[in-house]
K.L.:
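A single structure is presented below for examination.
Note that these values count all heavy atoms, side chains included, but never hydrogens, waters or copies made by symmetry. Whatever order the structure lists them in is the order used to number ligands and atoms, beginning at 1.
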Amino acid sequence: MDSNNKNLPRGVELLNNPRLNKGTAFTPAERDALGIRGLIPPRAIHIEEQHDLVYGHYSYKRTDLDKYIYLMGLQDRNETLFYYLLTRHLDEMMPIVYTPTVGLACQKYSRIFRRPRGLIVSLDDRGRVDELLSNWPYQDIRIIVVTDGERILGLGDLGLNGLGIPVGKLSLYVAAAGIDPRLTLPVCLDVGTNNEELRNDPLYLGLGRSRERGAAYDALVDEFVSAVQKRWPRCLIQFEDFGNTNAFRLLAQYRDTGPVFNDDMQGTGAVAFAGLLGALRITGLSLTDQRIVFLGAGEAAVGISEAIINGLRDEGLSDAEARQRFWLVDSKGLVTRDRLDSLAEHKRPFARDEAPAATLLEVVERVQPTALLGVSGQPGLFTQAVIEMMAAHVERPIIFALSNPTSRAECTAEQAYTWTDGRAIFASGSPFDPVTLNGREYRPGQGNNAYIFPGVGLGALVSGAKRITDTMFHVAAKELADTVPDSLLKVGTIFPPMDDIHKVSMQLAAAVAREVYRLDLHSRPLPDDMEAEIEAFIWQAEYRSLV
Ligand code: NAD
């Protein structure tokens with residue numbers, strides 16, 4: 001694609017361009033034509049040899065944060081090699097480029113900062129957002145992941161430091177779904193932070209003011225979305241890790257203006273729904289038999305509930321009947337109608353008409369749930385008493401401790417299996433190692449959104465989706481649940497192996513694209529062969545000839 005391109009940088013400038021740099025792999029012809037002979041060692045080696053070298057460097061790093069810093073350094077110098085490495089070791093490296101290590105990296109962003117990556121749009125840039133977009137070196141952008149840093153994983157307000165999340169998620173789009181990295185743009189809206197510790201840190205690189213809540217915030221978001229939609233009308237905008245006060249209303253405001261979605265709600269909803277469908281393949285029970293208790297009543301809880309409600313509607317239940325299957329518990333106890341006056345808008349549709357209950361244990365005792373989902377961001381709240389109470393009433397308790405990073409999980413995999421005598425069907429947000437109990441090995445699943453969003457994004461891009469609907473996530477979830485082989489279900493794993501994620505993303509993309517065409521929301525013609533169309537779209541991490 002780049003051959004005969006007279007605008008290619010030359011010499012040191014070429015070597016310093018991570019998108020074009022091949023390190024020592026430039027051919028003799030490229031060295032001559034592009035003025036780099038003598039600037040790199042004479043022997044040209046292949047990408048496979050480079051891979052072995054950098055994988056060795058990576059493996060030599062002792063801490064996960066060191067590994068993260070190493071990988072970011074590689075991405076900054078040679079993007080092709082970075083993705084070549086990442087795609088070959090995605091299972092191993094996913095917890096480094098994404099949760100849990102990315103959480104630590106965000107907390108330390110200002111201290112491990114080396115080179116800028118992504119676009120930072122701050123409150124001071126109001127009125128100039130389009131100019132900032134024009135500064136980005138690539139001008140065919142198809143996917144943006146944007147955060148305002150307010151609710152980073154379960155770690156709270158990290159302000160500008162949250163930029164690591166869009167960077168990580170977009171690298172997963174590339175590694176899992178083969179999206180060309182040049183089509184992606186990570187963005188952080190820096191609107192201040194209420195994190196005192198950060199504001200008092202002399203090395204914090206973001207705006208040192210409190211978080212903007214008023215009209216100036218809305219104006220900045222609106223200017224950003226409008227500028228993106230004007231410049232790149234079909235660009236997917238993925239809202240990521242916004243706080244409750246903004247996430248729900250921003251999705252409602254923008255979802256019909258273009259291809260816009262919120263991964264914390266819709267992506268999480270789909271992946272957890274798929275996990276539940278996988279668990280039901282093990283228990284043999286139906287979706288309508290479920291009594292589902294959530295710890296946490298925020299974006300993830302609402303997103304997951306809505307996804308399951310869509311599934312229950314498929315089974316013939318009315319909306320009201322479906323909502324009867326859910327009990328949401330927040331920091332003040334069970335969400336009930338007598339709390340209606342003080343309940344946040346997003347919790348109201350789930351307020352139950354029953355007696356209050358102050359604790360999770362009380363709720364579990366009363367409801368005897370078949371499924372218990374932790375999305376509170378608070379560690380350890382699935383206590384032994386709670387899990388044992390649940391296990392006393394159901395044969396195969398479905399327990400998802402989804403809070404991220406690992407340090408925030410409501411319980412560990414080992415606790416879930418131990419306290420249920422190995423009967424739990426367990427999944428978590430961040431990965432846990434296999435557990436051996438009474439001579440049997442259990443392999444916990446990871447309800448990672450990376451199973452969903454890359455496939456949805458790819459399906460949307462291939463079809464040129466004008467909107468992103470809940471039904472697209474619904475078909476993606478069902479497709480994902482179907483990809484889990486019986487052999488894995490037998491050891492309690494309800495998600496496919498991470499190593500299969502590329503294949504899974506292709507499958508999901510085809511299903512999502514078909515849904516886009518079914519809904520008549522496409523802007524590209526319907527291909528004769530969807531799979532071939534997707535295959536042709538994807539980017540491979542390999543060097544292209546520059547001469
Ligand atoms: P959120 O801030 O929107 O919601 C958190 C909820 O937890 C709020 O309703 C809050 O009231 C409640 N809460 C806080 N303390 C509590 C307590 N002591 N007891 C009961 N409830 C309490 O956040 P979110 O977007 O819903 O995310 C929550 C967690 O889920 C995060 O840790 C996030 O990383 C994780 N998550 C995991 C996945 C995944 O595994 N795929 C996806 C999305 C989010």
K.L.:
G429 heavy atoms, cut-off 4.0 Å: which ligand 1 atoms fall inside?
P.N.:
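Going through ligand 1 atom by atom, the ones under 4.0 Å from G429 are 40 (O).
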
K.L.:
I'd like to check which ligand 1 atoms, numbered from 1 as shown, lie under 4.0 Å from a non-hydrogen atom of G447.
P.N.:
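Within the 4.0 Å cut-off of G447, ligand 1 contributes 39 (C), 40 (O), 41 (N).
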
K.L.:
Check whether NZ of the Lys or CZ of the Arg R151 lies under 6.0 Å from the centre of the six-membered ring of F242 and within 45 degrees of that ring's axis.
P.N.:
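Cation-pi check for R151 and F242: fails.
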
K.L.:
Polar contacts were defined as any N/O atom of the residue lying under 3.5 Å from an N/O atom of the ligand; does this apply to A297 and ligand 1?
P.N.:
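Yes, A297 has an N/O under 3.5 Å of an N/O on ligand 1.
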
K.L.:
Within the structure, does N244 bring an N/O atom to less than 3.5 angstrom of an N/O atom in ligand 1?
P.N.:
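N/O-N/O distance under 3.5 Å: yes.
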
K.L.:
With a 4.0 Å cut-off on heavy atoms, is R151 touching ligand 1?
P.N.:
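R151 counts as a contact of ligand 1 under the 4.0 Å cut-off.
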
K.L.:
Can the positive tip of R291 be found less than 6.0 Å from the middle of the six-membered ring of W327, inside 45° of the ring normal?
P.N.:
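The answer is no; the distance or angle limit is not met.
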
K.L.:
N404 versus ligand 1: do any nitrogen or oxygen atoms come within less than 3.5 Å of each other?
P.N.:
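Yes, since at least one N or O of N404 sits under 3.5 Å from an N or O of ligand 1.
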
K.L.:
Listing request: all side chain to side chain donor-acceptor pair (under 3.5 Å) pairs with a residue in residues 480-492, at least two apart in sequence or in separate chains.
P.N.:
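The answer is R281-D486.
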
K.L.:
Less than 6.0 Å separating the ring centroids of Y173 and F453?
P.N.:
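Yes, the ring of Y173 comes within the 6.0 Å limit of the ring of F453, centre to centre.
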
K.L.:
Is E441 paired with R443 through a side-chain N to carboxylate O contact shorter than 4.0 Å?
P.N.:
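Looking at E441 together with R443, the answer is yes, because their closest N to O distance falls below 4.0 Å.
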
K.L.:
Taking atom types as modelled and ignoring hydrogens, do the side chains of Y442 and E414 form a donor-acceptor contact shorter than 3.5 angstrom?
P.N.:
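No.
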
K.L.:
Pull out every atom of ligand 1 sitting under 4.0 Å from any heavy atom of L381, numbered as shown with elements.
P.N.:
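Per the distance check, 17 (C), 18 (N), 19 (N).
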
K.L.:
Output yes when the distance from some N or O of ligand 1 to some N or O of N448 is under 3.5 Å, and no in every other case.
P.N.:
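Min N/O separation from ligand 1 is not below 3.5 Å for N448.
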
K.L.:
Check ligand 1 against G296 and write out every atom of the ligand that is under 4.0 Å from a heavy-atom position of the residue.
P.N.:
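The list of qualifying atoms is 6 (C), 7 (O), 12 (C), 21 (N).
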
K.L.:
Would you please indicate if the ring centroids of Y451 and F495 are separated by under 6.0 Å?
P.N.:
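Distance test on ring centres: under 6.0 Å, yes.
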
